[in-house]
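Right, one structure below, let's go through it.
This is a predicted model, so every value here is computed, not measured. We use all heavy atoms of the structure for the numbers below, so side chains are in, but hydrogens, waters and symmetry mates are not. Sequence lines set the chain letters: A, B, ... in the order given, protein chains first and strands last, and positions in each chain run from 1.
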Amino acid sequence: MSDKITITFPDGNSKTCKSGINGFEIAEGISKSLAKESIAIKINGEVFDLTRKIENDSKIQIIKKSDEEALHIIRHDCAHVMAEAVQSLFPGTQVTIGPSIENGFYYDFARKDPFTVSDLPKIEKKMHEIINNGEKFTREVWSRSDAIKYFKNKGEEYKVELIKDLNPEEEISIYKQGKWLDLCRGPHMTNTKQIGKGFKLMKVAGAYWRGDSNNAMLTRIYGTAWRNEKELESHLKQIEEAEKRDHRKLGKEMNLFHFQEEAPGAVFWHPKGWSLFQSLINYMRLRQDKEGYLETNTPELLDRSLWETSGHWEKFRENMFTTDPKEEKIFAIKPMNCPGAVEVYKQGLKSYRDLPLRMSEFGKVHRYEPSGALHGLMRVRAFTQDDAHIFCTEDQITSESKNVCELILSIYKDFGFSDVRIKFSDRPERRVGNDTIWDKSEEALKNAMEATGLDYTFNPGEGAFYGPKLEFILRDAIGREWQCGTLQVDLNLPERLGANYVAEDGQKKTPVMLHRALFGSLERFAGILIEHYAGHLPLWLAPTQIVIATITSDSDDYAINVKDKFLRKGINAEIDLRNEKIGYKIREHSTSKIPIILAVGKKEEKDKTVSVRRLGNNNTKTVLVDKILEDIKNEIIEKK
RNA sequence: GCCGCAGUAACUCAGGGGUAGAGUAACUCAUUGGUAAUGAGUAAGUCGGCAGUUCGAUUCUGCCCUGUGGCACCA
């Protein structure tokens with residue numbers, strides 16, 4: 001081994017150094033300020049500690065605190081410091097794992113009494129102490145047996161288990177900061193001081209050891225960590241903004257819906273919320289009609305025997321509500337619309353000429369969701385799907401799937417969702433049908449996907465119990481992802497339920513069934529829209545589109561007159577004739593998110609105008625009634 | 001389902017072993033006003049439910065329900 005090595009910088013320049021040099025020394029050789037700013041080093045694409053010796057020719061990149069990669073390291077360091085703080089404050093607490101995550105980090109602890117939020121300030125204070133002490137992070141490599149012995153001695157059973165499960169090939173590295181140490185792959189910064197003050201402990205939660213609900217529940221502390229206090233502040237601000245959009249809060253403020261104890265996971269839609277809901281249905285109906293869908297409706301209660309035949313009874317039973325058996329028969333409330341759809345299909349003889357047959361249904365389904373999963377409109381036990389089942393031949397799978405994909409993307413665009421991700425899920429463990437059928441349906445869906453030319457990611461083992469599926473995930477105005485639409489290829493249910501058609505050769509064949517929902521759940525989609533628009537629904541979706549507010553009661557007749565004009569054009573207008581000041585009315589209708597307020601007084605009445613004020617804009621404009629009527633009509637049509 | 005937290009007036013929330021308080025809304029009266037809160041007054045609560053401790057529980061304890069932050073789940 002030569003004692004000289006060549007290191008190459010990102011800009012292509014290279015330099016000869018003595019073997020064994022480390023990142024910090026390299027940085028120092030360049031400039032003092034770089035050395036001060038640097039926190040880690042990337043060697044041949046992998047990130048290491050700044051003190052890691054470099055012994056071969058390498059491509060390197062010094063990572064500074066301002067670099068993107070730095071956040072992960074800062075957060076991971078923070079997790080270690082938190083664990084030290086916790087163990088010093090609460091002796092006897094075992095450490096388990098503590099990774100960095102999006103926006104922060106967590107650490108899972110094993111402790112008889114779980115932590116509560118009131119413990120957080122204490123822990124945070126201790127963390128600041130540790131950071132201020134400027135403890136050095138140092139890396140050591142231990143033998144497996146030493147490590148096991150050490151942690152066993154300390155009573156750290158979880159760490160022992162982790163070490164035992166490590167790949168035998170893998171080096172067992174230990175990171176120390178001061179007297180405290182942890183099993184860790186690294187990398188870390190060189191000193192706790194580098195973490196700074198840009199962190200905050202956020203919440204405590206329970207979490208299963210190794211994510212398995214059969215295991216013990218640990219107590220988890222979440223924190224957020226950033227490069228500095230300013231970044232932390234801006235992140236906290238962002239959380240605050242997201243909270244303001246919470247559909248549960250806005251739903252109450254805008255009087256859209258409510259929930260109550262007697263119906264957990266089921267929505268009480270108020271008139272305004274139902275108006276939004278119906279707008280969505282009407283819109284979808286219009287779009288589907290154009291694509292040749294035929295609307296149907298099927299029973300909510302179906303006999304157990306049908307669910308047994310379809311396979312739901314066996315594979316989906318624990319999610320289904322059943323009725324009190326007053327008779328011999330047991331009925332189940334439908335958790336899916338597909339068996340009903342097949343029964344409609346089966347009425348009358350079908351020929352290959354009838355295919356593809358696209359049957360839609362706005363079907364309300366009930367699923368028993370675990371109590372802890374319920375969340376406003378986003379996760380409910382009773383919801384309405386914009387469902388459809390396309391019965392087709394195998395040859396038609398590709399073109400039908402392609403149409404569905406195009407329809408979905410086009411529809412999402414109308415709501416301002418243009419960033420859509422697609423996931424492909426194949427056969428789950430719990431499924432019906434043999435592997436030949438699954439091979440065939442996965443192949444077919446994959447081909448269809450290729451035909452669309454759209455990108456997708458692979459999501460193994462997450463398909464429906466009857467077939468593989470695509471999931472459409474959209475990104476909302478503040479960057480959150482929501483899974484909405486789905487497309488599933490099903491070669492199982494039509495056969496199980498005895499659907500068939502007469503083919504060109506006179507033989508009876510089993511059709512393929514494509515299940516698809518575009519909004520997915522109407523309830524959920526409404527919730528997403530409320531958050532996406534932060535309650536400022538676009539005109540075409542707003543339950544009350546316009547409020548006409550009078551300045552004084554002298555203008556009452558004129559206001560009523562104007563309102564009628566709007567109503568006649570199908571625009572949802574209300575009037576506010578109350579004996580209140582105009583400022584009061586403006587404030588109230590603004591807070592309830594009315595898109596357009598038209599103020600009318602003596603002047604407007606004389607000129608046949610209105611004073612137009614739009615939500616989120618403090619300017620007003622005086623416009624002829626007929627003109628604004630026309631503008632608003634167009635805006636609704638254009639879905640702006 | 002599991003761990004933590006919460007449930008007080010229509011809403012948002014304060015309080016705390018001696019049967020409760022604010023702001024907003026509602027209602028009444030006055031006010032007819034020009035673009036985000038006019039003023040005064042009135043009324044309003046089985047303090048989530050059931051047990052227990054106590055002379056006394058909305059307050060403490062236990063169980064349950066619902067919500068909530070996570071975990072697990074999302075077929």
For [X], report the nucleic acid contact type (base, sugar-phosphate, nothing); a contact means any heavy atom under 4.0 Å.
{"X": "A/K581", "answer": "base"}
{"X": "A/K585", "answer": "nothing"}
{"X": "A/G601", "answer": "base"}
{"X": "A/I582", "answer": "sugar-phosphate"}
{"X": "A/A205", "answer": "base"}
{"X": "A/M336", "answer": "base"}
{"X": "A/S213", "answer": "sugar-phosphate"}
{"X": "A/T550", "answer": "nothing"}
{"X": "A/A464", "answer": "sugar-phosphate"}
{"X": "A/K469", "answer": "sugar-phosphate"}
{"X": "A/G467", "answer": "nothing"}
{"X": "A/P370", "answer": "base"}
{"X": "A/E429", "answer": "nothing"}

Using the [atom1] atom as the reference point in each nucleotide, state the distance between [N] and [M] in Å, no decimals.
{"N": "B/C13", "M": "B/G62", "atom1": "C1'", "value": "28 Å"}
{"N": "B/U24", "M": "B/G67", "atom1": "P", "value": "31 Å"}
{"N": "B/A10", "M": "B/A6", "atom1": "P", "value": "22 Å"}
{"N": "B/G15", "M": "B/C47", "atom1": "C1'", "value": "11 Å"}
{"N": "B/C50", "M": "B/G7", "atom1": "C1'", "value": "16 Å"}
{"N": "B/G49", "M": "B/A57", "atom1": "C1'", "value": "15 Å"}
{"N": "B/C74", "M": "B/G56", "atom1": "C1'", "value": "50 Å"}
{"N": "B/A9", "M": "B/G4", "atom1": "C1'", "value": "29 Å"}

Base-pairing mate for [N] - Watson-Crick or G-U, with both contacts under 3.5 Å:
{"N": "B/U24", "value": "B/A10"}
{"N": "B/A30", "value": "B/U38"}
{"N": "B/C63", "value": "B/G49"}
{"N": "B/G17", "value": "none"}
{"N": "B/G56", "value": "none"}

Rounded to whole Å, how long is the line connecting atom [atom1] of [X] with atom [atom2] of [N]?
{"X": "A/D576", "N": "B/A36", "atom1": "CG", "atom2": "P", "answer": "15 Å"}
{"X": "A/F268", "N": "B/G67", "atom1": "CZ", "atom2": "P", "answer": "12 Å"}
{"X": "A/N618", "N": "B/U35", "atom1": "CG", "atom2": "C1'", "answer": "9 Å"}
{"X": "A/K315", "N": "B/C74", "atom1": "NZ", "atom2": "C1'", "answer": "18 Å"}
{"X": "A/I221", "N": "B/C71", "atom1": "CD1", "atom2": "P", "answer": "15 Å"}
{"X": "A/M378", "N": "B/G70", "atom1": "CE", "atom2": "P", "answer": "13 Å"}
{"X": "A/E318", "N": "B/G1", "atom1": "CD", "atom2": "C1'", "answer": "12 Å"}
{"X": "A/R578", "N": "B/A36", "atom1": "CZ", "atom2": "C1'", "answer": "13 Å"}

Worksheet item: Going 5' to 3' along nucleotides 58-66 of chain B, which nucleotides have protein heavy atoms under 4.0 Å from the base (write B), which only from the sugar-phosphate (write S), and which from neither (write -)?
Response: -------SS
Below 6.0 angstrom between ring centroids: does that apply to [X] and [Y]?
{"X": "A/H366", "Y": "A/F383", "result": "no"}
{"X": "A/F268", "Y": "A/F257", "result": "no"}
{"X": "A/F277", "Y": "A/W269", "result": "yes"}
{"X": "A/F109", "Y": "A/Y107", "result": "yes"}

Worksheet item: If you draw the axis of the six-membered ring of A/Y106, does the NZ or CZ of A/R220 fall within 45° of it and under 6.0 Å from the ring centre?
Response: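 Here A/R220 passes the 6.0 Å and 45° test against A/Y106.
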Worksheet item: Cation-pi between A/K203 and A/Y222: NZ/CZ under 6.0 Å from ring centre and within 45° of the ring axis?
Response: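 Yes - A/K203 lies over the ring of A/Y222, closer than 6.0 Å to its centre and within 45° of its axis.
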Worksheet item: Of A/L218, A/V95, A/D108, which is the lone residue that meets side chain to side chain contact (heavy atoms under 4.5 Å, CB included) with A/Y158?
Response: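 Among A/L218, A/V95, A/D108, the one meeting side chain to side chain contact (heavy atoms under 4.5 Å, CB included) with A/Y158 is A/L218.
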Worksheet entry | Presence of donor-acceptor pair under 3.5 Å, side chain of A/Y368 and base of B/G1 |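 Under the 3.5 Å cut-off, the side chain and the base do not form any donor-acceptor pair.
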Fill in: Donor-acceptor pair under 3.5 Å, A/T620 side chain vs B/U35 base
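Looking at the base of B/U35, it does not pair with any donor or acceptor on the side chain of A/T620 (distance under 3.5 Å).
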Kindly point out which of [options] is positioned nearest to the side chain of [X]?
{"X": "A/Y584", "options": "B/U32, B/U38, B/A72", "result": "B/U38"}
{"X": "A/R379", "options": "B/C74, B/A37, B/G4", "result": "B/C74"}
{"X": "A/Y208", "options": "B/C2, B/G70, B/U35", "result": "B/C2"}
{"X": "A/I586", "options": "B/A72, B/C71, B/U35", "result": "B/U35"}
{"X": "A/E604", "options": "B/U35, B/G70, B/U12", "result": "B/U35"}
{"X": "A/M217", "options": "B/U32, B/C73, B/C3", "result": "B/C3"}

Worksheet item: For the residue pair A/H532 and A/F417, does the interplanar ring angle fall in the parallel (under 30°), tilted (30 to 60°) or perpendicular (over 60°) class?
Response: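 Tilted.
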Discussion item. For A/R75 and A/N103, which I'm curious about, is there any donor-acceptor pair between the side chains at under 3.5 Å?
Written reply: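 Absent: no donor and acceptor within the cut-off.
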Worksheet item: Yes or no on side chain to side chain donor-acceptor pair (under 3.5 Å) for A/E361 and A/T298, after CA distance, side-chain angles and deciding distance?
Response: CA-CA 8 Å; A/E361 172 173 12; A/T298 65; 2.9 Å; yes
Has [X] got a side-chain N or O lying under 4.0 Å from the OP1 or OP2 atom of [N]?
{"X": "A/K203", "N": "B/U68", "result": "no"}
{"X": "A/Y222", "N": "B/C71", "result": "yes"}
{"X": "A/H375", "N": "B/G69", "result": "yes"}
{"X": "A/R613", "N": "B/A36", "result": "yes"}
{"X": "A/R248", "N": "B/U68", "result": "yes"}

Item to complete: Would you kindly compare A/G376 and A/E471 by the position of their nearest RNA chain B nucleotide and give the one closer to the 5′ end?
Response: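 It is A/G376, whose closest nucleotide lies nearer the 5' terminus.
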Worksheet entry | Residue closer to the 5' end of RNA chain B, A/D246 versus A/Y466 (nearest nucleotide) |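 The residue closer to the strand's 5' end, by nearest nucleotide, is A/D246.
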Worksheet item: Which pair of non-hydrogen atoms, one from A/P335 and one from A/W307, has the smallest distance, and what is that distance?
Response: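 Where A/P335 meets A/W307 most closely, the heavy atoms are CD-CH2, 3.5 Å.
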Discussion item. Applying side chain to side chain donor-acceptor pair (under 3.5 Å) to A/N319 and A/E369, what does each step give before you reach the verdict?
Written reply: CA-CA 7 Å; A/N319 296 292; A/E369 301 285 355; over 6 Å; no
